[in-house]
K.L.:
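Here it is, the structure in full.
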Amino acid sequence: MKERSFHLELSEKHYSPEKVEQAVYDMWLRADCFTADVSSQKPPYSIVIPPPNVTGRLHMGHALNNTLQDVLCRYKRMCGFDVLWVPGTDHAGISTQSVVKKHLDAEGIDYRSLGREQVIERIWKWKEKYGDQILLQLRRLGASCDWTRTRFTMDDGLSRAVRTLFKRFYDEDLIYRGKYIVNWCPVDRTALSDDEVETKDGGEPGHLWHFRYPFSDGSGYVEIATTRPETMFGDTAIAVNPKDERFQALVGRSVTLPLVGREIPIIADDYVDPEFGTGCVKITPAHDPNDFQLGLRHNLLQVNVMNEDATMNDEVPEEFRGLDRYVARKRVVAAMEKQGLLVQIEDRNIPVGRSYRSKAVIEYRLSDQWFVRMRPLAERALEASQAGKVTFYPERWDSFYQSWLGKIRDWCISRQIWWGHRIPAWYHVDTGEILVDVETPERVSAEPEKWVQDEDVLDTWFSSALWPYSTLGWPEETPELKRYYPTSVLVTAKDIIFFWVARMVMTGLYNLNEVPFHKVLINSIITDEDGETMSKSKGNGIDPLHVIDGATREDLEGPVREARPTNMETILKRVSERFPDGFSGVGADAMRYTLLTSATDAQQVGVSFKRFDEVGRPLTNKLWNASKLALSMLEDSDGVSPAEPELSDRWILARLDLCTRRVRDAFDTYGIHHAADGLYHFFWDDICDWYLEIAKLRRKTGTEAEKARIALTLSEVFLGYLRLLHPIMPFITEELWGRFFDCASQKNLFSFAKELKDHPLCIRAPFPEDQRRHEEISLEEFELFQDIVRSVRNMRAKANVSFKTALSLQLLTGNPEVEGQIRSMKDLLCQMLNLSACDFVQSRPEGNAVTVLPKVEVFANLFDFIDVEAERKRTEGSLQKLEKQIAGLEQKLANQQFVSGAPKSVVDAEREKLQMALETREKLRDALGELKSLN
RNA sequence: GGGCGUUUAGCUCAGUUGGUAGAGCGCCAGCCUUACAAGCUGGAUGUCAGAGGUUCAAGUCCUCUAACGCCCACCA
């Protein structure tokens, strides 16, 4: 398929991404650029996207994460791989259910009254309508996913995969059901795994209440301390440390639980810390995980005193029933005080667990849950990791991951919600027999009234754990599974290494005997410019679409107003000061470049609108303008056979090869910011500042053959550079590629690269190879030219003589080879520096401004304009610096240990340096002498 | 309590196997030089957090210390 439409006119002075990006992406889709070919002869390369929540909106973390994947995919595609990047979304159980619940609330409908079936139906409708939003947003980034293979964790195939694994686990006793104390979110009314609970460092302000519990025989009291008085109704023992001499006599006696009247024993257990509180602990097995374990050891009663919503249940005395846990807490304290059983209240920070989702303080609750036995699975994962089968980039995450695997605990996988994969277990209503199967068992279908299916659904991460192969068709043995599993690399964030990465490795090994990926690239966390993580509640998030498309001031203020942070007014003021007229969009290319160049190995990276504006935007604009110039030069070339390459041509092509090498190396080792950095400097410093400047001069005065030579070089440089840059900036490079390619074809400027085929760049242009031209030519020769140019510019600036005044230059070098080299650049020097003369001399001429370069002394007739005193000071300064260097070098070379200990090459290099420094010193002394003689 | 990260120019950060420090922004000076003023040219700027060690040689490797940040664990 061929397309020849360009989207931005060459007369445009500035690059306008909005006129290009959308159109280019549509072109890619029409040309079917991103669809993998399972029957291809090319080697496969595959990545599965970390599936965003269906409820999600694109944020900066996604932008970085997906840009990295896109860079790798585009790079590999250009390198000749059959690339499959699987996109998709996660059903995100609790999140999605609560989004839809909110909609229902708004309609005044209680979701419970609708019932399970209807709620699920509503959620599916919502999903069909809004669930693709985030995938559409990914296209704006340029993501080259294979959209024909978009998956959703609750698709039929993926759901079947989930049930299949559940059954396998169950049959092999890796899944079990048990009464257990779990983290319970009273808002979402569901169990949470340990990983879903977050605890603030240092705890939160609370109290430690000291109570007296009277001995049953009326002989006195035991004093206990608790942070949670409302749980005392569930106390079934008092525990002391067996070694604690104070209390040894108490063990075996009993106390009467106040307010309740139950008699409970005093027992001894090592768990109790004699130093803390009073040394006596009330034990509440149904409401504390430690107490639960202790209760099992001592066969204690488990008394649950709360309902699902953390109100007090009927186990408690009547006056407390139905009260919220915090109301109950106050009443309990008051009641204890009234009975004279309250001793004191200590203020103290206490650890408080909160749901990572609802932020509600979690409750510990005793209930029937399903668990995965993690140890055997983790052991295999750990072995694979230690054998180097899974390695992280940066590698520090290896040990982080391994240490977690080492201390893993069983995983509670049941969730008491409706949206998700329903647990494929059926219970017989009379016998309690349990059937687990992939599809509804026949015995259940035969006697439906005798069986009930488990009401719970699986933790969302259970289905995510299968993602790298369920998306490829597992448990069916599809061609895709065979070809693309294991995937090539996983790109994700460090905060889901446990939730997701580890579990994928475990189930992958279990189901397919092979890790799902050998490499895991952990990308940095994006923060705002103050280093704060971006979040809705802080209102400091930057919407990637605002960066791409631009935003009005109101758009920018929106998230802040919504979050209502305490310093809202300050932030709003800052917004209106910085962006009185809003933010003008920089396009996806500029955003991608900014993110990639910022995202180094550091754990976090700060971004801001300003940064996108200052880092990415200028580069796209410069690329646009340089391309315009280059294209006009290609147009100018007139079919004559080109002149032989001169120094500047050989130099820029050598630099292109060096850049190619660096970029390939960076992509291959996931050091993508190095690639971004190298591409920036090659383009700006080498192409724009030197080659194009030279080409402009040559165009003015050069012959037709010389112009043709420049066009040829430019054609190669740009057609190479655009390909190198494409993985990072796909849109603008695609747009320009078409223009350069067409132009080069017309002008027959392809002698260097027969392999270039056509548009679109993203699938038809191979990634450049390093042709090692840097090994064939001496880069130093051109650097000498650059040094001379800079030195003259510098002298001009010092003398405050404008470019318009022509200068006469005299050069002194004792080296005939150097003189020859400079002669060949002479006319270029004259043009570039506006010289009326450029001659060689045999001895230093008096009365000139001078710059001492290592290979040559440059004299310019600027003496009359020079501030002699300032020049003298400057020369003295450099001389001093040089003296210091010489002293250092001499000392080093006098050191016998250095001369014999260091490699010869290093010693020789130091000798050469010293030699050069000594020569330069002489020249500087001469120059200084002349300056001084004037005073 | 355990683990990890960071500390380099005014700011944000590079610095790839040890060989005397770099970029962008900002700042100062001069330029509308026919691709780009969203630009060009030139300039100033550092006890590489501190202390010790290994080495001929340390921003880089080792030990300790400090400040900041993150993660895990939790004594009721």
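Every heavy atom of this structure was used, including side-chain atoms; hydrogens, water molecules and symmetry mates were not. Naming: A, B, ... by sequence-line order, numbering from 1 per chain.
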K.L.:
Provide the distance between the two C1' atoms, one in B:rU20 and one in B:rG42, to the nearest whole Å.
P.N.:
26 Å
K.L.:
Which comes earlier along RNA chain B counting from the 5' end, the contact point of A:Cys280 or that of A:Asn625, where each point is its nearest nucleotide?
P.N.:
A:Asn625
K.L.:
Any N or O donor-acceptor pair under 3.5 Å from the base of B:rC36 to the side chain of A:Lys13?
P.N.:
no
K.L.:
State plainly whether the residues A:Lys628 and A:Glu12 are in salt-bridge range, i.e. N to O under 4.0 Å.
P.N.:
no
K.L.:
Ring-on-base stacking between A:His673 and B:rA14, under 5.5 Å between centres and under 30° between planes: is it there?
P.N.:
no
K.L.:
With a 4.0 Å cutoff (strictly under), does any side-chain N or O of A:Arg911 reach OP1 or OP2 of B:rG19?
P.N.:
no
K.L.:
What's the CZ-P distance between A:Arg796 and B:rG43, to the nearest Å?
P.N.:
15 Å
K.L.:
Once you round to the nearest 0.5 Å, how far does CG of A:Leu862 lie from CD of A:Glu871?
P.N.:
10.0 Å
K.L.:
When the P atoms of B:rC74 and B:rA57 are compared, how many Å lie between them, rounded to an integer?
P.N.:
49 Å
K.L.:
Would you say A:Tyr213 and A:Asp235 are linked by a side-chain donor-acceptor pair, where the criterion is simply a distance under 3.5 Å?
P.N.:
yes
K.L.:
Should the side chain of A:Lys696 and the base of B:rA35 be counted as holding a donor-acceptor pair, with the cut-off at 3.5 Å?
P.N.:
yes
K.L.:
Please state the P separation for the pair B:rA73 and B:rU55 - nearest whole angstrom.
P.N.:
43 Å
K.L.:
Please tell me which of the listed nucleotides, B:rA76, B:rG42, B:rA38, lies nearest to the side chain of A:Arg790?
P.N.:
B:rG42
K.L.:
Roughly, in whole Å, what's the span from CZ in A:Arg793 to C1' in B:rG43?
P.N.:
14 Å
K.L.:
Measuring only the P atom in each nucleotide, how far is B:rU60 from B:rU8? A whole number of Å is fine.
P.N.:
14 Å
K.L.:
Students often get this wrong, so: under 4.0 angstrom with heavy atoms, is A:Gly279 touching a base, only sugar-phosphate, or nothing?
P.N.:
base
K.L.:
When the P atoms of B:rA14 and B:rG5 are considered, how many whole Å apart are they?
P.N.:
14 Å
K.L.:
Between B:rC74, B:rG43, B:rA23, which nucleotide has the shortest distance from any of its atoms to the side chain of A:His681?
P.N.:
B:rA23
K.L.:
Can you tell me which stems RNA chain B forms when a stem means 3 or more consecutive Watson-Crick or G-U pairs under 3.5 Å?
P.N.:
B:1-7 with B:66-72, B:10-13 with B:22-25, B:27-31 with B:39-43, B:49-53 with B:61-65
K.L.:
Any chance the rings of A:Phe498 and A:Phe400 have centres within less than 6.0 Å?
P.N.:
yes
